[in-house]
Structure formats: structure tokens, C-alpha cells
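Step one of this worksheet: look at the structure below.
Reckoned from all heavy atoms, side chains included, excluding hydrogens, waters and symmetry mates. A quick note: this is a predicted structure, and the numbers were derived from the prediction, not measured. Below, read A as the first sequence line, B as the second, and so on, with proteins coming before strands; counting in each chain starts at 1.
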There are 2 protein chains.
Amino acid sequence: MADKKQHILLDHGGGGQLSHELISGLMLPAFRNDILAQLNDGALLDIGANRLAFSTDTYVVDPVFFPGGDIGELAVNGTVNDIAMCGAVPLFLSAGLVVEEGFAMADLEKILASMGRAADAAGVKVVTGDTKVVPRGVADKIFINTSGIGQIHAGVNLSAEKARAGDCVILSGSIADHGMTILLQREEMAFEARLQSDTAPLNFLVARMLAASGEIHVLRDPTRGGVGSALNEIAVQSQVGIRIHEDRIAVKPAVAGVCDLLGFEPLYVANEGKLLAFVAAPHAEKVLAAMHEDPCGRDAAVIGEVVAENPGTVVMETRIGGSRIVPMLTGEQLPRIC
Amino acid sequence: MADKKQHILLDHGGGGQLSHELISGLMLPAFRNDILAQLNDGALLDIGANRLAFSTDTYVVDPVFFPGGDIGELAVNGTVNDIAMCGAVPLFLSAGLVVEEGFAMADLEKILASMGRAADAAGVKVVTGDTKVVPRGVADKIFINTSGIGQIHAGVNLSAEKARAGDCVILSGSIADHGMTILLQREEMAFEARLQSDTAPLNFLVARMLAASGEIHVLRDPTRGGVGSALNEIAVQSQVGIRIHEDRIAVKPAVAGVCDLLGFEPLYVANEGKLLAFVAAPHAEKVLAAMHEDPCGRDAAVIGEVVAENPGTVVMETRIGGSRIVPMLTGEQLPRIC
């Protein structure tokens, strides 16, 4: 236990309890400012007459190439999505590469081409960059930071603090695809299941949703830590209770099978092309209808609701009719998932 | 030689010839867009009625703590300076950390506190962040990406393409302090010389300069690759010749001594608190006077001039009265300098 306080552990980067302690204990005191303290997926900035969203993420995924994508596509989509979750149109990205000496030029070329295609697909431009090469053994293959700037849709004010009792909780599709895909690759497990990462840009889906309703309160993409951690964060920040229904949360059979076998709870497994939306109940139907028109929202469903009781807590009604608390994730399930 | 084409070498990140080949050969084709293609220290963006500068850099310096600063201070100042070189007021930074499992919490705390102090000193806010923890051995201690947004001063249009024959080349102070400090630390050399990094935010110096004259054409901070590489980049991008005078370029005696002893050419050694300015000759005096008022510009001097002959080439008149070409750096002098 002493070590927890004295050294950085994998858990500190896992998106769960220790990550939160690191942020509240070290980051917020070091950088104390109101914007950071909002702890949204990106920062909401007023510059002149513009309302901008600004976000950053470093991708250290292992392996670099995986079914359904690669680190380059992930790095573009991930930051595009963080910007989109702020209710903004992503416009510009930066790319900061750390490459290990000896990395194959052909692989770098594939990764950069993949970033370029992903940027085109999402309608953003990679406008500035930096490349550091470090000696062999100083970094594993390649890490990519992307930071992004987006313009917040007029009249939109989303924040993780804005969930209200009565809101419907919408999930855009099946969960745990990305995390279990990476795990299978890494362990070189000989499963027959052909899983595939769900990495995708969600900005067009978000634009449809925001056009359909002015009563969307929170958007969040459940990446590291999964749906379970994202819901807990929102429950805490909005000081509300959240009730979800296990039988409404889609998990593909192959993904569910691998989770079962390996003892992973899909609720905590990373997604890279899914979002959670908190919507005033009377607007849920039209938001859902808009989502169903988009390839990334075809399987969107209401999976739960916000309640006034037990603020800060997420409760799941299980398939067998019971109910249990879904705690904040403690312990890193899987390092280098993104 | 075959390997050069097939694998990433340290030189690809050194800021010299191979870095440029990597950028022109892989980055520009992958991300093809006009903004990136300008190859300034940051991207110049029009968003609504705002003109913004956007820049990114990842810091992998080894050691993490060094005389005169640490990786946290360097990461803030470095991106503040890239934004300032675009003629912008730096406003907001992101911080993306990759930390090795087992890194001492006390060191992380020191680094974050140092980032916070540097941000305060430069008048910027760290508004969004990300922390990845990777298993022991996957990254060496800590890497920090900072990206930044600034607002371009009204009426200012700087670009590496804007140097004109007749411009004076101003250098803000002595060179090679940062690079030689890091080298001495790393090699644990028992020199008596007490070198110190020059890491500093240059945004206030730049604001004074821009207030003093509307005829500043280019600003550049000569970091990786040093003054020699920065001048070559500008000579190529502006298609002009540059002539500099060795006896006007300040190198502190202790720094010069260490460079001599170890065979380093100070012109190619990294600086982290210096800038080069290209200024229309009639304005040079008033720009210099403004610089001398600022702690970061106290030793500013005109070190050369832009000429029409030999576009793309930098020539130095040496102390002994000869002249020689200062080529683009080939080969990485020193990895992990920033």
C-alpha cells in the first residue's frame, strides 16, 4: 500500500479510481484553473467571439496494428471524438510522434497514411506536428499524441455536470469491442472469434443529435474504463444517481464470450466508437431516431435513466432481476489499450 | 545506406536533413494541406473572426531534471515559444503525459509543480490533459506533450517565407547553453564548468518587439538543430541567402570551452530561450532597443543580414576573415535534448 503513494502504478493511467486520485491530488493543484477543473473530455474555451473545444490524448496502444484499425486511425478518431463530446465540430489536429530508433519506415508510412485517411473521413486537418526519435529501448515502437481544436455548435452547452434526474441515458451501440480485440491480439490467443475494434469518428453522429434536440445535457465517449467508469464520473460530477438495465446493453456474442472466458466485465472494457448521451426524457425518441440514421448510431438504445436518489452512484438492474452497484473501476484492467 | 530508407534513425528526429526528408517525404503527403505545408513553428488558423496559432511538441529530454530547469518547465516554455514565434499571445496549453510504471510520485509532483509555475510565469493556462502509464521498460521515465493555442497579434503576419533581401538578422542572446548543459549532465562529465539551460518563455519579449515595429518578417526559436538549422530552414523557405558574422554570435566562455573540447559546433546546439528575428533594416535599431529592455533580450545583437545571392544558402564570415557555408545539419548531434 505504501508503494501506491510513492510510485506511479499502471492503475494511475487506467481511467479508474487511481487516475481520479492523480488528477485531483496532483494535476488540479498544479494547474489550478476553472477550465481544467470542469474535467470534461476537452476544455471549453472562449477566445474572442468564438467558443472552442480543445482536447489532447496520447496513444500508446500495443499492438500498433490490430483488426479494425491501427494506432494512427485511433489517434485521429480518439481526439475527434473528445472534441465532438464537447458539442463541437472538430476542425484541426496536431500530431506529436515519439518513434523508437529502428522502427520500420514502411510501418510509419502506413500509420501516417492511416492518420491522413482518418482525418479526411472525419473532415479535420492535421495542421502541425512534431517527431521525436528516441534510442532503441527508450520507447516501445511508437506513441502518438493528438490534440484538437473544434468550434462549439451555436447554443450548445454540454458538460458532465449537467445530467438531471429524469434524463434518459442513451448508448450508441454495443460495448467492449475495442478492448477485447486488443487483448486477444496481445495475448496471441487462438480464439476463433474474429473481434474487431470499433474505432470510428463520432462527430457526424453528434451533429445529427444536436440538430435533433436542444435538450442533450451530457455526451461522453466511454474509452478507458468503459461505460462503467464513464457513468460513475458523470454521476459524481452531476451529483445524481444513474440506473441502467443490463438487458438493454448490447454486447456482441463473440465479445461477450471472450469476456466471460477471461473474466472481464464488459462494462469496464474500452470502446473507441461509442458514446453515451444524457437527454431530457421527452426528447429521447427524436434523438434516438436521429442516431439510427447514422452508421455509428444504428444500434443506439436507451439503457437507463437518471434518478435523484443515491447521488454519485450507478446501479444496474441485472438480467436475473436483481440490482447491484456498478462501482468506479479500481485497478487497471488492461494497460496500453489506447 | 539501405537502412536509412528502411528504418527510422535517430537523425530523423534531429531537426536536420533527415528530419526534413521525413517531413517532406511522409508527413506532407499523408496530411496534405496548405496550413501544414507552411512549416512554421505552429499552424496559423482562421476560426470565425479569430486568427489563432496552434502548435505541438513532445519532450523526451534526458535527464528529466537538469541545471536551470526540468522537463516540465521545458515542456511549457517550448510550446509557449512556438506559439510566440507565430506572432501570437499564448493562451492555453494541453498536457499529455506518458509515465513509466514505477516512476517516483515525488518526481512527478515536482514536474507538475514546475509546469504550473512555468505556466503562471508565461501567463498561460493548462486547461486539458491526459496521462498514460505504460509498463516498466516501455518508456523511459516520462515524456510530456504540450500543445498550445494563442491569439495572433492584430495586424501581424509572420512566416518563415517572409525573409527579404536587406533584412537584418537579430539573435536574442548567447547560444548552445541548453544543449551543452544536457550533454554534460548525461555524460556525468566532471567539468568544473557550471552550465545552465537557458529555458525561458519568450512571449513577453516577442510582444515588446511586435509593439516596437510592424516590420518584423520572421521569428524562429533555434531549438533542435540550433541556429545553423533554423537559418537554413528560413533561407530555403524564403528563397534568400543569409550571411552571418561569427564574431557577433555570443557563446559563453564556459559553453564555448565545452563545445571545443567535445568537438561540438555551437551553431548546431539546441537553445531553449533564444530567438532569431528577421527585421527590415531601418527598423532593426528600434527592435533591438525594445529587446534590450527585456530580461530575455538583454544581449540581443544583429548577427547578419539577408542577401539576394545564393538563395537557400547560409554563409558565415569567420573570425579569421574567411567565409564558409553553414550547411543544414546532417546527423543527429544529440538525441533527447528536449
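- Atom-to-atom distance recorded for B:H12:NE2 and A:M105:CE is 3.5 Å, nearest 0.5 angstrom.
- Of the inter-residue distances, the one linking B:T131 atom OG1 with A:L18 atom CG reads 12.5 Å to the nearest 0.5 angstrom.
- Contact of B:D41 with chain A is made through the backbone alone, with heavy-atom distances under 4.5 Å.
- Geometrically, B:K132 engages A:Y59 in a cation-pi contact defined by less than 6.0 Å to the ring centre and at most 45° from the axis.
- With salt bridges taken as basic N to acidic carboxylate O contacts below 4.0 Å, one links B:R224 and A:D130.
- Using a 4.5 Å cut-off between heavy atoms, A:V98 contacts chain B through its side chain alone, with no backbone atom that close.
- Among the candidates B:G116, B:G102, B:G96, the residue making the largest number of heavy-atom pairs closer than 4.5 Å to chain A is B:G102.
- Contacts of A:Q38 with chain B are absent, with no heavy-atom separation under 4.5 Å from either backbone or side chain.
- Proximity of B:L108 to A:L26: side-chain heavy atoms (C-beta onward) are separated by under 4.5 Å at one or more points.
- Heavy atoms from other residues, nucleotides or ligands lying under 6.0 Å from NZ of A:K125 number 12 at most.
- Side-chain contact between B:V134 and A:R336 is present, with heavy atoms from C-beta onward closer than 4.5 Å.
- A distance of 4.5 Å separates CD1 in A:I35 from CZ in B:F92, rounded to the nearest 0.5 Å.
- In this structure, CG in A:D82 is found 7.5 Å from OG1 in B:T128, a value given to the nearest 0.5 Å.
- Of the listed residues (B:A113, B:G137, B:A139, B:A49), the greatest number of heavy-atom pairs within a distance under 4.5 Å of chain A belongs to B:A139.
- No side-chain heavy atom of A:F54 sits under 4.5 Å from any side-chain heavy atom of B:L91.
- Checked against B:V99 for a side-chain contact (heavy atoms from CB on, under 4.5 Å), the options A:I8, A:L10, A:L9 give a single hit: A:I8.
- The side-chain heavy atoms of B:F31 and A:M115, taken from C-beta on, include a pair separated by under 4.5 Å.
- Across A:N145 and B:S147, no two heavy atoms sit closer than the pair OD1-OG, 4.1 Å.
- Closest heavy-atom contact between A:I47 and B:N50: O-ND2, 2.7 Å.
- Of the atoms belonging to B:Q151, it is side-chain heavy atoms, and not backbone ones, that fall under 4.5 Å from chain A.
- Nearest heavy atom pair, residue B:A30 against residue A:L112, reads CB-O, 3.5 Å.
- Of the residues considered (A:G48, A:G25, A:S114, A:A106), A:G48 shows the highest number of contacts with chain B, using heavy-atom pairs under 4.5 Å.
- Interface residue A:L52: only side-chain heavy atoms are found under 4.5 Å from chain B.
- Put simply, CG on A:L97 and OG1 on B:T58 are 8.0 Å apart, with the number rounded to the nearest 0.5 Å.
- Here the CG-CG distance, from B:D140 to A:D140, works out to 13.0 Å after rounding to the nearest 0.5 Å.
- The closest side-chain heavy-atom distance from A:V138 to B:K141 is not below 4.5 Å.
- The two residues A:A95 and B:T56 make their nearest non-hydrogen contact at O-CG2, 3.8 Å.
- The shortest side-chain heavy-atom distance between A:V127 and B:L45 falls under the 4.5 Å cut-off.
- For the set A:L36, A:V60, A:D107, the entry with the most heavy-atom pairs within less than 4.5 Å of chain B is A:L36.
- Residue contact with chain B, scored on non-hydrogen atoms closer than 4.5 Å, involves the side chain of A:R32 exclusively.
- Contact annotation for B:L22: only side-chain heavy atoms (C-beta onward) come within less than 4.5 Å of a heavy atom of chain A.
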